[in-house]
Structures are given as C-alpha cells and as structure tokens.
Amino acid sequence: MKRPKGRKAILSKNNSKNNNDKTDKKSNANSSTKRKLLVLTFVVASCAVAFVFSNEKSDLNKQHAHQKDEQVDFQEWHWAMINKVLESAPSSPTEKVLFQVETYLAKFKASSIPPAIFMIRGQMHFMLQNYKESTAHFRRGARGLPESTEAWYSLAVAEEKAGQITESIDAYKHVLSIDISHSKALCNLGTIYAEYFDDKLSEAKKYLNSALQIDSDDQIALEKLTLVKLAIKEARDIKKMEKSLPQRDSRAIQDVKIPVTMIDRRSNLSFREYYEQYAIPGIPVVITDAFPKRMLNSFTLKTVKKKCGDVNVSVRVKEGGSRDWAGLRVAAHKLTLNEYFNCLEKHEYQGSVCGYVFDVNLQDICPSLLEKLTIPKYVAQDYLQQIPPTPQSLGLSFRDFWPSLFIGPHDMTSDLHRDAWCSNFWMALFQGQKRWTLFPRNQASFLYFNHVTTTYKVNLSSFKDNGLEDLWLKGNVLRNYPLAANLTSYRIDLRAGEFLLVPRQWPHFVANGETCSSSAKCDRMPTLAL
C-alpha cells in the first residue's frame, strides 16, 4: 500500500489524530460512566442494606416494644379476652368457658402463640383447681415474659397450690429479683418457709418483716409473723422438754397405750350444772335429751332429700398428708345433694369415691331445713349470734354460717384438728354414729402443733384404734415425737339423737362408723349431723 504524500499526507495524519482523540474521549467517557455506575450501584446497595437493616431494627424494636407491652399489660389483655368469652356465656360453668377459650386459641399457630395466651390457659385451669395443669401453662407463659412480676407471681402461687414447693420458692425469688419491693411475694415466701421447713423459721421471720416494712397495713403478713414468733417460742420450749426426757434406745421403743377417759353422758342436766361442771372447767359432755323427739323425726336423710335435694354443695375428699383443714381437701366440682346420695348408693357408701358433705352452711343453701330446729338451752346464748349482721352487700355474715350440715359415709374420717376460730362448739347427730377422740388443749405441745398451719405432726395416722377404750400410739411416732408419750384422751361413740359440747381449742379427730344392733346387723347408711 502506498503512503499518501504532500497535503494529502498531512490531512490523513490529522484525520488519524482526530480519530484517535475521539476514540480516547469515547473511552474516557465510557470509563467515567462505568465509574459513575459503580458509585451509583454502591450507593444504591448501601441504601438498600441500610433500609433492610433499618426495617429489621424497626421490626426488632416493634417486637421488643410488643413484648414489653405484654410484660407490663398482659394481665389486662388476657382478662379482657376472658371477659369477652364470659359475656358470650355468662351462666356457663368454668369447664364450658375453658372449652370456649381453647376453641378460640386453636386459631393460633403453635409457633405464634404469645406468652399471654399461656397465662390465660393457666388462669382458667387455676380456677378449676387443676393446679398441675395450671402450673404447666403458667411456666410457658412466664418464660416468655421474663420481666413480668405478675406472670412469675402467678406461676409461684400455682406451684405452691400444686405442692411443688421448691419450684414455687424459685419463682417467688425470681419475682423479687425483678422487684425487691413485691410485698406479696415476700409474704408468701415467708409463709412457705414457716409452713414447710421447721429449720427455717428465722428466715420466714425475715421475709415477713420485709413485707411489713414495705406495706405496714398487710394484715396477712402481720398475722403470719405473729404465728411465726409463736412457733419459734414453741420450738424452743419443745426442745427443752425433750432434753428433760430420759434417754431411750430408739430400736427398743414400742407402741404406747394412751389413757382414755370416757366422756360423760348426761340427761336432765340443768343449765347451772352444765355451766359449773363442764363449761367453766372446760370438759366435754354428751347430752342425750337435748332435742324433743318431734324435732329429731324431722331431721332425716329423707327430709334433706325432699327439701334440699336440688341444691348444689361442695364436697371434701380425704387426702393423705393434706395440709387442708382436718385433712379434707375441697373438691373442684360441685354436685346436688341428690347426685351425692345417688353416688353413695351406687358405690355402696364408699367415702373415698363420693367424698364428704362437710360443714356446709345451711342458712345459705337450704334455710327451710332450719324451720323446725330448736337450739338447746345450753348454747342458746351464743355470743356469735348477738353481733350485728353484716350488710347484705358484703355477702353472708360470719355469724350466719352456723348451723352447718354434715353428711358423710360410714368409712369417712377427719384428721386431727381444732375449731378454726378456737371457740367452743357443738354437734347434734341425727343419724348414724361418730367416734370422737379428743385431747385437752394443754397437750398441744405433745401433739407437736404447728401455729402457722394449725396442723399437728402427731395425727390420725399416728394411732391404732383397737376399740373405744383401747387407743395406742405407734412406736415409730415416738422416735420422732417423744413428748407424745404423755398424751391422755377423751373418747365417745356419739349416737343418733345426742348432743356433744366440745370446749375451745381441744384437738380432735372423728371417724364415722356403722350403726350396729344387738343382733350384729350393721347399718352402713351415711351419718347426718349439724
């Protein structure tokens, strides 16, 4: 190829140069554009990342705020939900309401159920006295609400009711780790230590004192603290008495026969005689002619069925080792008296199946049964009946709680206890037989009385009953409670138509029995008493 010469060569060179400049400029422009695009891409990516991070942070903040709201306000929320269900079924029993709540909760996915839902379930089962089930739900709810004192306090109370004492203590301590000034947790924790641990009375006293420092008007804490102080003093006195006893080889300790004094049976007893011979010295007595025969004939199981058969009542069930009063736990369900009698007939009057109608307020459930009741002259001047009535708006007055109804199977027993208000009391038996075993009030230390729980470590299971006048204390009981060897007792088989008067603060246990005739035929019908 020939090279151009002269002007053409110069023009060609210039054109080539211009073309190269254009190419360079174009290349530079492309590079600049790429750089701009890279910068723009980086900026957009940064913004996107920042936006995503911001959204995630916002979601986390919202979630945290939601959890915080749940921790603070979950109780208000779950009660609002429960109330919504209750409004749809205001007369429904708790079991039906719980079913409706569970139906509502089934709409939630298991993974998305908030902790407050578990608190609802726990509360409903607690209302049904299903304490173990309640505890399981409360525990799941509380774990999701680690900063909620209400959630952990609910868990602690349910665990205590379920007998999970160690777990309950831990839950109460968790409440105090969130809020050291939670007076109810302090009070309950002190009460648990006093009731379940004989060696922690000083610790119980410390927690109760702390509760009162926060809330000086807390009557429960004040009452429990007073009882703890009494228990501490009693424990010291018992240790002194035990040290004064002669040393015994624990392997050689055998059953000990308890001296029995038969309770007097009296008829034609004047009020003066009763007052001077029994009321003032504080000695029990049975009066055989306290009621007219016409009145006795009106108090029968047939009359109760006729007048009160459709009435709902609570029943108590015997529970070994129970800390409930008289060792009888209130069953979760209620039933009518007709249903109760049907249960007894179906199960051949076995108390372990049907329970015990125990101390049920007649004035409240069936006042018509009291129309023909004549109060014997020995207790007609009852100071309790002379206090002013409670305003109707506050519910039934305490003074109107008695007379109360007892209907029990022939095999039912109540554990060792004393009257709840430490007062004198009476029992009128209209059908059946009851074996009463009583101990003088000055022997409470020999029975190892717990002032906080008002229970006795020496109880019904500590004795062997070989007959009315043949009562024995088991040797293995004496190994742990040696002062019980000093006990003396008063006993009687109370019969239908008799009236028993018991002095205040006398510990006692009662066993319903069969009514047997001289022909050795025994009546297994329930006992009926007021």
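Each residue takes its place number in the sequence, starting with 1.
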Student: Can you check whether Leu208 reaches Cys187 side chain to side chain, under 4.5 Å on heavy atoms?
Tutor: yes

Student: To the nearest 0.5 angstrom, please state how far the CG atom of Asn130 sits from the NZ atom of Lys161.
Tutor: 13.5 Å

Student: Please round to the nearest 0.5 Å and tell me the distance separating atom OH of Tyr172 and atom CD1 of Ile192.
Tutor: 5.0 Å

Student: What pair of heavy atoms forms the shortest contact from Ser183 to Ile214, and how long is it?
Tutor: CB-CG2, 4.1 Å

Student: On a heavy-atom basis, which atom in Tyr340 and which in Val315 lie closest, and how many Å separate them?
Tutor: CD1-CG1, 4.1 Å

Student: May I ask you to check whether Glu234 and Ser445 show a side-chain donor-acceptor distance below 3.5 Å?
Tutor: yes

Student: To the closest 0.5 Å, what do you measure between CG (Leu500) and NZ (Lys434)?
Tutor: 11.0 Å

Student: Quick one: sort the Tyr193 and Phe197 rings into parallel, tilted or perpendicular, breaks at 30° and 60°.
Tutor: tilted

Student: I'd like to check Phe499 versus Val379 (side-chain heavy atoms, cut-off strictly below 4.5 Å). Are they in contact?
Tutor: yes

Student: Whether Lys474 and Asp255 form a salt bridge (side-chain N of Lys/Arg under 4.0 Å from carboxylate O of Asp/Glu) is what I want to check.
Tutor: no

Student: Do Tyr456 and Phe463 have ring centres separated by under 6.0 Å?
Tutor: no

Student: Report yes or no: does Asn450 contribute a side-chain atom to a donor-acceptor pair with the main-chain N or O of Thr455 at less than 3.5 Å?
Tutor: no

Student: Is the shortest side-chain heavy-atom distance between Val313 and Leu405 below 4.5 Å?
Tutor: no

Student: Do the ring planes of Phe425 and Trp436 sit parallel (below 30°), tilted (30 to 60°) or perpendicular (above 60°)?
Tutor: tilted

Student: Looking only at heavy atoms, which two atoms of Ala194 and Val228 are closest? And how far apart?
Tutor: CB-CG2, 3.6 Å

Student: List the steps, then state whether side-chain contact (heavy atoms from CB on, under 4.5 Å) holds for Tyr274 with Val285.
Tutor: CA-CA 9 Å; Tyr274 161 69; Val285 63; 4.2 Å; yes

Student: Would a 4.5 Å heavy-atom cut-off, applied to side chains only, mark Leu344 and Pro409 as touching?
Tutor: yes

Student: Are any side-chain N or O atoms of Ser134 and backbone N or O atoms of Gly122, one a donor and one an acceptor, separated by less than 3.5 Å?
Tutor: yes

Student: Would you say Ser267's side chain and Ile287's backbone share a donor-acceptor pair under 3.5 angstrom?
Tutor: no

Student: Keeping the roles fixed (side chain from Ser168, backbone from Gln164), state whether a donor-acceptor pair exists under 3.5 Å.
Tutor: no

Student: Tyr275 vs Phe271 aromatic rings, parallel, tilted or perpendicular, using cut-offs 30° and 60°?
Tutor: parallel

Student: Looking only at heavy atoms, what is the nearest atom pair of Asn268 and Asp289, with distance?
Tutor: N-OD2, 2.9 Å

Student: Under a 4.0 Å N-O cut-off, is there an ion pair linking Asp470 with Lys257?
Tutor: yes

Student: If every non-hydrogen atom of Pro482 is compared with every non-hydrogen atom of Glu242, which pair is closest and at what distance?
Tutor: CD-OE2, 3.6 Å

Student: Do Asp419 and Arg504 pass the side-chain contact (heavy atoms from CB on, under 4.5 Å) test, and can you show the C-alpha distance, the side-chain angles, and the key distance before you say yes or no?
Tutor: CA-CA 7 Å; Asp419 183 78; Arg504 63 184 178 87; over 6 Å; no

Student: Just by distance, with hydrogens left out, do Thr488 and Gln443 show a side-chain donor and acceptor under 3.5 Å apart?
Tutor: yes

Student: Quick one: list whatever passes side-chain hydrogen bond (donor to acceptor under 3.5 Å, both in side chains) with Glu133, sequence neighbours left out.
Tutor: His137

Student: Has Tyr378 got a side-chain atom pairing as donor or acceptor with Leu269's backbone, closer than 3.5 angstrom?
Tutor: yes

Student: Are Arg418 and Arg441 side-chain neighbours, meaning at least one heavy-atom pair lies under 4.5 Å?
Tutor: no

Student: Establish, yes or no, whether the cationic atom of Lys457 lies under 6.0 Å from the six-membered ring centre of Tyr481 and within 45° of the ring axis.
Tutor: no

Student: Residues in side-chain contact (heavy atoms from CB on, under 4.5 Å) with Ser461, at least two apart?
Tutor: Asn459

Student: Would you say the side chain of Met427 lies within less than 4.5 Å of the side chain of Val502, judging by non-hydrogen atoms?
Tutor: no

Student: A side-chain contact here means heavy atoms from C-beta on lying under 4.5 Å apart; do Glu195 and Lys224 qualify?
Tutor: yes

Student: Can a donor-acceptor pair be found, under 3.5 Å and without considering hydrogens, that links the side chain of Tyr196 to the backbone of Thr166?
Tutor: no

Student: More than 12 heavy atoms of other residues, nucleotides or ligands under 6.0 Å from NZ of Lys377: yes or no?
Tutor: yes

Student: For a side chain to side chain donor-acceptor pair (under 3.5 Å) check, start with the C-alpha distance between Asp264 and Tyr278, then their side-chain angles and the critical distance, and finish with the verdict.
Tutor: CA-CA 10 Å; Asp264 288 348; Tyr278 300 100; 2.9 Å; yes

Student: Counting only N and O atoms by type, is there a donor-acceptor contact under 3.5 Å from the side chain of Arg491 to the main-chain atoms of Gly467?
Tutor: yes

Student: Quick check: closest heavy atoms across Ala171 and Ala156, and the distance to 0.1 Å?
Tutor: CB-CB, 3.6 Å

Student: Do Leu337 and Ile407 come close enough that some side-chain heavy atom pair is under 4.5 Å?
Tutor: yes

Student: Take Tyr490 and Trp506 through the test ring pair (Phe, Tyr, Trp, His ring centres under 6.0 Å) and record every step on the way to the result.
Tutor: CA-CA 10 Å; Tyr490 285 70; Trp506 274 52; 5.2 Å; yes

Student: Would you say the ring centers of Phe291 and Phe299 fall short of 6.0 Å from each other?
Tutor: no

